[in-house]
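Before any comments, here is the structure.
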Amino acid sequence: QVRLVESGGGLVQAGGSLRLSCAAPGRTFNRYDMGWFRQAPGKEREFVGAFRWSSSNPYPDYADSVKGRFTISRDFAKNTVYLQMNSLKPEDTAVYYCAAGSATLRSWDYWGQGTQVTVSS
C-alpha cells in the first residue's frame with residue numbers, strides 16, 4: 001500500500017505562516033488529484049484544498065474557509081504537493097493529511113499519516 005509522507009507541521013502564532021509538503025516515494029501521481037484534508041479534535045475530517053489533474057491545465061481548488069490564505073502548489077517532476085498557509089488562525093489547528101486520488105472518480109485513495117498544525121492565539 002502506497003503511503004504519502006507529510007512534513008512541515010508545527011506550532012505557530014496566529015497570523016503566522018507554515019508550509020506543508022507531501023511526497024509520494026515509490027509511486028507517481030502525475031495523473032491524480034493531490035490535496036489536503038484536516039481534522040480538528042472532535043470534528044470530522046474536512047477538505048482543505050487540492051491540485052486537480054487536468055490533461056490541459058491542472059488547477060488548484062480550495063475550501064471557502066481557506067481561500068485567500070492558503071495556496072496549493074504542485075511539483076510534478078518531484079511528485080510533491082505543497083500547502084502554503086498564511087494568516088493562520090487558531091481555528092486552523094488540526095491534523096493535516098495529504099491525499100491522492102482519481103481525478104476522474106474524484107475519490108481519495110491514498111493517504112499520509114498526518115502532521116499536526118497548532119496555531120496559538
Side-chain angles (χ1 to χ4, degrees):
Q1 179 71 16
V2 175
R3 194 77 175 177
L4 304 175
V5 181
E6 304 102 334
S7 59
L11 173 65
V12 64
Q13 289 188 333
S17 298
L18 279 176
R19 187 191 194 210
L20 306 183
S21 300
C22 171
R27 171 74 186 258
T28 299
F29 286 100
N30 283 351
R31 293 182 179 271
Y32 283 68
D33 292 345
M34 290 189 76
W36 295 90
F37 289 73
R38 67 185 181 186
Q39 188 167 19
K43 295 187 177 181
E44 294 188 354
R45 189 173 298 189
E46 65 174 357
F47 174 76
V48 174
F51 209 100
R52 303 286 186 184
W53 164 257
S54 166
S55 59
S56 58
N57 188 24
Y59 61 96
D61 178 22
Y62 300 99
D64 288 342
S65 58
V66 305
K67 280 182 181 176
R69 299 189 299 122
F70 291 10
T71 302
I72 291 178
S73 58
R74 188 166 174 180
D75 187 330
F76 286 91
K78 294 183 178 180
N79 209 26
T80 301
V81 65
Y82 305 94
L83 180 65
Q84 176 67 44
M85 304 184 291
N86 298 330
S87 302
L88 282 161
K89 305 174 181 180
E91 51 264 43
D92 294 316
T93 295
V95 177
Y96 283 70
Y97 297 89
C98 178
S102 168
T104 302
L105 299 178
R106 291 294 173 100
S107 61
W108 296 101
D109 307 309
Y110 303 91
W111 292 87
Q113 80 286 352
T115 185
Q116 177 70 46
V117 171
T118 303
V119 185
S120 63
S121 57

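- A search for side-chain hydrogen bond (donor to acceptor under 3.5 Å, both in side chains) contacts involving S55 returns nothing, not counting sequence neighbours.
- Residues forming a side-chain hydrogen bond (donor to acceptor under 3.5 Å, both in side chains) with N30 (at least two apart in sequence, or on another chain): none.
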Problem set entry | K89 and D92: CA distance, side-chain angles, deciding distance, salt bridge (charged side-chain N to carboxylate O under 4.0 Å, His left out) verdict | CA-CA 5 Å; K89 305 174 181 180; D92 294 316; over 6 Å; no
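- Although no hydrogens or angles enter the test, the distance criterion places a donor-acceptor pair under 3.5 Å between the side chain of E6 and the main chain of Q113.
- Hydrophobic cluster membership differs between V95 and V81, with clusters built from Ile, Leu, Val, Met, Phe, Trp and Tyr side chains linked at under 4.5 angstrom.
- Side-chain atoms of S107 never come within 3.5 Å of backbone atoms of L105 as a donor-acceptor pair (strictly under, hydrogens ignored).
- Partners of W108 under the ring pair (Phe, Tyr, Trp, His ring centres under 6.0 Å) rule, at least two apart in sequence or in another chain, are F37.
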All N/O donor-acceptor pairs, side-chain side in residues 16-23, below 3.5 Å, sequence neighbours left out:
residue, atom, partner, partner atom, Å
S17, OG, N86, OD1, 2.9

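- In this structure, E46 and R38 have side chains that are in contact, with non-hydrogen atoms separated by less than 4.5 Å.
- Applying the side-chain hydrogen bond (donor to acceptor under 3.5 Å, both in side chains) criterion to N57, with sequence neighbours excluded, gives no partner residue.
- Listed by first then second residue, pairs satisfying ring pair (Phe, Tyr, Trp, His ring centres under 6.0 Å) with a partner in residues 59-106 number zero, not counting sequence neighbours.
- Contact annotation: the side chain of R27 approaches that of Y32 to within less than 4.5 Å [non-hydrogen atoms, C-beta and beyond].
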